[in-house]
J.: 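Once you've had a glance at the structure underneath, I'll fire off some questions.
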Amino acid sequence: MEQAAIFHRPGMNFSFLVDESTLGIRIRTKKNDVEEIVLIHGDPYIWEEGKWVVDKTDMYLSASDSIFDYWECKITPPHRRIRYGFELKNQQESYLYTEKGFFPEVLYDCDYYFCFPYVHASELFDAPTWVKDTTWYQIFPDRFNNGNPSINPSDTLVWGEVEPTPSNFFGGDFEGVLQKLDYLVDLGINGVYFTPIFKAKSNHKYDTSDYFEIDPQFGTKDDLKRLVNACHQRGIKIMLDAVFNHSGYFFEPFQDVLKNGAQSPYVDWFYPHDLPLQGGDRPNYETFAFVESMPKLNTQNSDVKKYLLDVATYWIKEFDIDGWRLDVANEVDHQFWREFRTAVRAEKSDLYILGEVWHDSMPWLLGDQFDAVMNYPFTSNVQKLLASQTITSQEFMDSMTTVIQSYPERVLDTTFNLVGSHDTSRILTECQEDSKRVKLIYTLLYTFMGSPCMYYGDEIGMTGGKDPGCRKCMEWDSTKQDLDLFNHVKKLITLRSSEKLLANEGTFQFLNHNLTKLVVYRKYTSTKNVVVLINPTNESELYILPFNIEDQKVRDVWNNSTLQMPESKEITIEPYGFRVLSFSGQLI
């Protein structure tokens, strides 16, 4: 048994609250090395005749990646506290693994064991439940629809007649979104994420000059209220984009520091290296990246903190928004985000808090800061599988298993899954304009765990490279839209809403224990399975369902038909094809 590969550490993704009284516990071992694990556990204060009283609970093999196996169980400590260890066995060896190392047999002294001191309901990860049933649509306001030309910026161009640049404008606005709400409802959208709408000089608005004002090119505050109300009447949630890591160059406090230097009352709102402030390729003040027009805000300054928290609560109180997406969230201090959560949740208890973090995000997902992050590891792995085709199905499943096992069970139910955004090339362009592969990508997106998001125009086959190419004007001429792709996405969204196991009920599991060229995963309860099979190759692939299927009856969810499975349980997936199957039965 490879002891060096065995790992457990209390907290985070290895021991976590599943509900107010249930604890989930995981352990990691070398792949195919351990055959059985039993959790040894008990209350640290219950002893009899000088020995600690223990219970035993079998753990099950929940997942595997290319290197490790992951084992899991759930327990309910009767007194909300627990000490625990692991009894690991294979055909050759048996060990007890505790906080103090490995031992040849079970010890009846709780001082050796791992500790979860107390199950506090207040520490439960409590992302809003509505997010699991939400299908998002990201809108870049200047490029979605021009509904009120009278408020266009003076240099506005004719809609879609020229390619986007970092500095041109096309006049998209709130009225334009209002005019297209029926389109979003028809697609099945019930959540809209807007990139920034606040006053700023640029077309992207990530350089805020006034956090309390709408940029006039989009409309007025009354226009925003009309839009939010119209969305809510249609069951659509609204999420706004907050840029609290940095301001814009024309933010009044920054302009004051530029003008008055050390005499400015705002000098500590930023991070000057020296004064006077100077821009250029390497400004003498902290910025986002080295962009001189985006000076970094000092969120540890009490005045900055109060200002930004007032901003965050103002748009909730006055406009009844449903979520905040937080730009460059990983470069802002954790304490600010803790206070941010407290402030916004006091205004709206089920507000969704989404952070932009592109890497391992566990420090932000402990229940005290964000409800989710933008799941760029999902984006990257999907693109490698089906766009660049640089990884196999097995590598995709292994890689995503590693990501999933990096977080507590509940966290990924509400993570924000995307395959394109204003920061990435259009997914059709990434797929060399092969719509078959794009359809498979969307099949993955809408049947996977998490809350899926569509970038405007991707559903009709828009193309474009990285910024600014991915920010073209929305194509409203139906003769230039890929309506077959649109209908594919629409049907997926409909299935996700009608088949609740596709909307994050039950448990997720990759079926990657058998070598296959398919991506195969299931969402399941004790009585039902929904299995998704995706073929990312240009050849037909045969798969044997590893289940004891009740009555050999399987429902084809996509085609709404019943299949009579052969005794062999073989199923064929066509090149770049997929199946979504529902049945009762147990995994073999």
J.: Decide yes or no for Thr401 and Ser64: does some side-chain heavy atom of the first lie under 4.5 Å from some side-chain heavy atom of the second?
T.: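 Not in contact.
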
J.: Does the ring center of Phe448 lie less than 6.0 Å from the ring center of Phe508?
T.: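 Yes.
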
J.: Indicate yes or no for a side-chain donor-acceptor contact from Ser498 to the backbone of Thr494 under 3.5 Å, with no hydrogens or angles considered.
T.: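 Here the side-chain-to-backbone pair exists.
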
J.: Please report whether the ring centroid of His422 lies less than 6.0 Å from that of Tyr193.
T.: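 Distance test on ring centres: not under 6.0 Å, no.
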
J.: Would a distance-only check, ignoring hydrogens and angles, find a side-chain to backbone donor-acceptor pair under 3.5 Å from Asp467 to Ser425?
T.: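 Checked: no pair found.
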
J.: Among Trp558, Tyr446, Tyr543, which residue satisfies the ring-ring contact (aromatic ring centres under 6.0 Å, His included) criterion with Phe578?
T.: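 Testing each of Trp558, Tyr446, Tyr543 against Phe578, the sole residue satisfying ring-ring contact (aromatic ring centres under 6.0 Å, His included) is Trp558.
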
J.: Mind listing the closest non-hydrogen atom pair of Ala329 and Gly355 along with its distance?
T.: CB-CA, 4.0 Å

J.: Could you label the plane-to-plane angle of the Phe174 and Phe194 rings as parallel, tilted or perpendicular, counting under 30° as parallel and over 60° as perpendicular?
T.: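 Rings of Phe174 and Phe194: perpendicular, over 60°.
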
J.: Minimum heavy-atom separation for Phe169 and Pro153, please, with both atom names.
T.: CD2-CG, 4.1 Å

J.: Glu499 and salt bridge (Lys or Arg N to Asp or Glu O under 4.0 Å): which partner among Lys491, Lys523, Lys528?
T.: Lys528

J.: Taking Tyr455 for its side chain and Ile427 for its backbone only, find out whether a donor-acceptor pair lies under 3.5 Å.
T.: no

J.: If only atom types and distance count, is the side chain of Arg496 paired as donor or acceptor with the main-chain N or O of Ala503 below 3.5 Å?
T.: no

J.: Within a 6.0 Å radius of atom NZ on Lys199, are there more than 12 heavy atoms belonging to other residues, nucleotides or ligands?
T.: no

J.: Evaluate side chain to side chain donor-acceptor pair (under 3.5 Å) for Lys472 paired with Thr463, printing each intermediate quantity in order.
T.: CA-CA 8 Å; Lys472 291 179 183 177; Thr463 58; 3.3 Å; yes

J.: Kindly check if the number of other-residue, nucleotide or ligand heavy atoms within 6.0 Å of CD (Glu318) is above 12?
T.: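 Enclosed: over 12 neighbouring heavy atoms sit under 6.0 Å from CD of Glu318.
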
J.: Can we say Lys439 and Asp484 salt-bridge, meaning some charged N sits less than 4.0 Å from an Asp/Glu carboxylate O?
T.: yes

J.: Indicate the atoms forming the closest heavy-atom contact of Phe547 with Gly585, along with that distance.
T.: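 Nearest pair, atom of Phe547 first, then Gly585: CD2-O, 4.4 Å.
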
J.: Please find the pair of heavy atoms, one from His359 and one from Tyr407, that lie closest to each other, and give the distance.
T.: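 Nearest pair, atom of His359 first, then Tyr407: O-OH, 4.2 Å.
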
J.: How far does OG1 of Thr195 sit from CG of Asp327, to the nearest 0.5 angstrom?
T.: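 Reported value, rounded in 0.5 Å steps: 10.0 Å.
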
J.: Determine, stepwise, if the pair Tyr183 / Phe486 fulfils ring-ring contact (aromatic ring centres under 6.0 Å, His included).
T.: CA-CA 11 Å; Tyr183 169 85; Phe486 175 90; 5.6 Å; yes

J.: Given side chains that start at C-beta, do those of Asn145 and Val177 come closer than 4.5 Å, heavy atoms only?
T.: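 No, their side chains stay 4.5 Å or more apart.
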
J.: In Å and rounded to the nearest 0.5 Å, what is the CG to OG1 distance from Leu495 to Thr447?
T.: 10.0 Å

J.: Side chains of Glu395 and Asn381, heavy atoms from C-beta outward: is any pair under 4.5 Å?
T.: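 Glu395 does not reach Asn381 side chain to side chain.
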
J.: Roughly how far, to the nearest 0.5 Å, is CZ of Phe378 from OG of Ser399?
T.: 12.0 Å

J.: Do other residues, nucleotides or ligands put more than 12 heavy atoms under 6.0 Å from the NZ atom of Lys480?
T.: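 Result for NZ/Lys480: open.
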
J.: Under a 4.0 Å N-O cut-off, is there an ion pair linking Asp222 with Arg226?
T.: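 Looking at Arg226 together with Asp222, the answer is no, because their closest N to O distance does not fall below 4.0 Å.
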
J.: Compute the ring centroids of Trp476 and Phe144, then answer whether they are less than 6.0 Å apart.
T.: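 Judged by ring-centre distance (under 6.0 Å), Trp476 and Phe144 do meet the cut-off.
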
J.: Working note: Thr443 + His488, criterion side chain to side chain donor-acceptor pair (under 3.5 Å); need CA distance, chi angles, decisive distance, verdict.
T.: CA-CA 9 Å; Thr443 303; His488 180 80; 3.2 Å; yes

J.: Just by distance, with hydrogens left out, do Tyr521 and Asn512 show a side-chain donor and acceptor under 3.5 Å apart?
T.: no

J.: Are the aromatic ring centres of Trp315 and Phe198 under 6.0 angstrom apart?
T.: yes

J.: Judged by atom type as modelled, is there a donor-acceptor pair below 3.5 Å linking the side chain of Lys348 to the main-chain atoms of Ile321?
T.: yes

J.: When you measure from the side chain of Asp360 to the backbone N and O of Met362, does any donor-acceptor pair fall under 3.5 Å?
T.: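 A pair under 3.5 Å: yes.
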
J.: Will you find, in the side chains of Asp322 and His232, an N or O donor that is under 3.5 Å from an N or O acceptor?
T.: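 His232 and Asp322 do have a side-chain donor-acceptor pair below 3.5 Å.
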
J.: Any salt bridge between Asp182 and Arg234, counting N to O under 4.0 Å?
T.: yes

J.: Would you say the side-chain atoms of Asp142 and Gln217 include a donor-acceptor pair closer than 3.5 Å?
T.: yes

J.: Quick one: are Leu418 and Tyr376 in side-chain contact, heavy atoms under 4.5 Å?
T.: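 Side chain of Leu418 against side chain of Tyr376, heavy atoms only: contact under 4.5 Å found.
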
J.: Compare all side-chain heavy atoms of Ser167 with those of Ser202 and state whether any distance is below 4.5 angstrom.
T.: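 No. Closest side-chain heavy atoms not under 4.5 Å.
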
J.: Please report the closest heavy-atom contact between Pro536 and Leu440, naming both atoms and the distance.
T.: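 Heavy atoms of Pro536 and Leu440 come nearest at CA-CD1, 4.1 Å.
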
J.: With a 4.0 Å cut-off on N to O distance, would you call Asp413 and Arg410 a salt bridge?
T.: no

J.: Does Glu331 use its side chain to pair, donor to acceptor, with the backbone of Asn245 at less than 3.5 Å?
T.: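 Such a contact is absent between Glu331 side chain and Asn245 backbone.
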
J.: Rounded to the nearest 0.5 Å, how far apart are CD of Glu356 and CH2 of Trp358?
T.: 6.5 Å

J.: So does Pro566 get a backbone contact from the side chain of Lys569, meaning a donor-acceptor N/O pair under 3.5 Å?
T.: no

J.: Give a yes or no on whether the backbone of Arg345 and the side-chain of Ser349 come within a donor-acceptor separation of less than 3.5 Å.
T.: no

J.: Using the rule given for side chain to side chain donor-acceptor pair (under 3.5 Å), can you reason through Tyr442 versus Glu459, listing the C-alpha separation, both sets of side-chain angles and the distance that settles it, and then say yes or no?
T.: CA-CA 9 Å; Tyr442 292 147; Glu459 77 281 7; over 6 Å; no

J.: Looking at Tyr456, is Arg426 sitting on its ring face, NZ or CZ under 6.0 Å from the six-membered ring centre and within 45 degrees of the normal?
T.: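 Yes, cation above the ring, under 6.0 Å and within 45°.
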
J.: State whether Lys31 and Asp69 are salt-bridged, where the test is any N-O pair (Lys NZ or Arg NE/NH1/NH2 against Asp/Glu carboxylate O) under 4.0 Å.
T.: no

J.: Does a donor on one side chain sit under 3.5 Å from an acceptor on the other, for Asn190 and Thr135?
T.: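 Their side chains do contain a donor-acceptor pair, which is all the 3.5 Å distance test asks for.
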
J.: Strictly by modelled atom types, are Asp173 and Asn148 linked by a side-chain donor-acceptor pair under 3.5 Å?
T.: no

J.: Is the number of heavy atoms from other residues, nucleotides or ligands within 6.0 Å of NZ (Lys517) greater than 12?
T.: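 Counting neighbours around NZ of Lys517, 12 or fewer heavy atoms of other residues, nucleotides or ligands fall under 6.0 Å, so no.
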
J.: After noting the C-alpha distance and the side-chain angles of Asp423 and Ser421, does the key distance pass the side chain to side chain donor-acceptor pair (under 3.5 Å) rule?
T.: CA-CA 5 Å; Asp423 286 325; Ser421 76; 4.5 Å; no

J.: Tell me if a side-chain donor or acceptor on Arg437 pairs with a main-chain N or O of Leu386 at a distance below 3.5 Å.
T.: yes

J.: With a 4.5 Å heavy-atom cut-off, do Asn535 and Arg579 have their side chains touching?
T.: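 Not touching, per the 4.5 Å side-chain cut-off.
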
J.: In Å, rounded to the nearest 0.5 Å, how long is the span from CG of Asp482 to CG of Asp458?
T.: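 Rounded to the nearest 0.5 Å, the CG-CG separation comes out at 11.5 Å.
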
J.: When you check the side-chain N and O atoms of Tyr70 and Asp65, is any donor under 3.5 Å from an acceptor?
T.: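 A pair is found: one side chain offers a donor N or O, the other an acceptor, under 3.5 Å apart.
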
J.: Supply the atom-to-atom distance Leu485 CG to Leu428 CG, rounded to the nearest 0.5 angstrom.
T.: 7.5 Å

J.: Once you measure the plane-to-plane angle for His246 and Phe288, does it fall in the parallel (<30°), tilted (30-60°) or perpendicular (>60°) bin?
T.: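 Ring orientation, 0 to 90° scale: parallel.
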
J.: Is the shortest heavy-atom distance from the side chain of Arg522 to the side chain of Val530 under 4.5 Å?
T.: no

J.: State, yes or no, whether a side-chain contact exists between Leu511 and Gln509 at a heavy-atom distance under 4.5 Å.
T.: yes

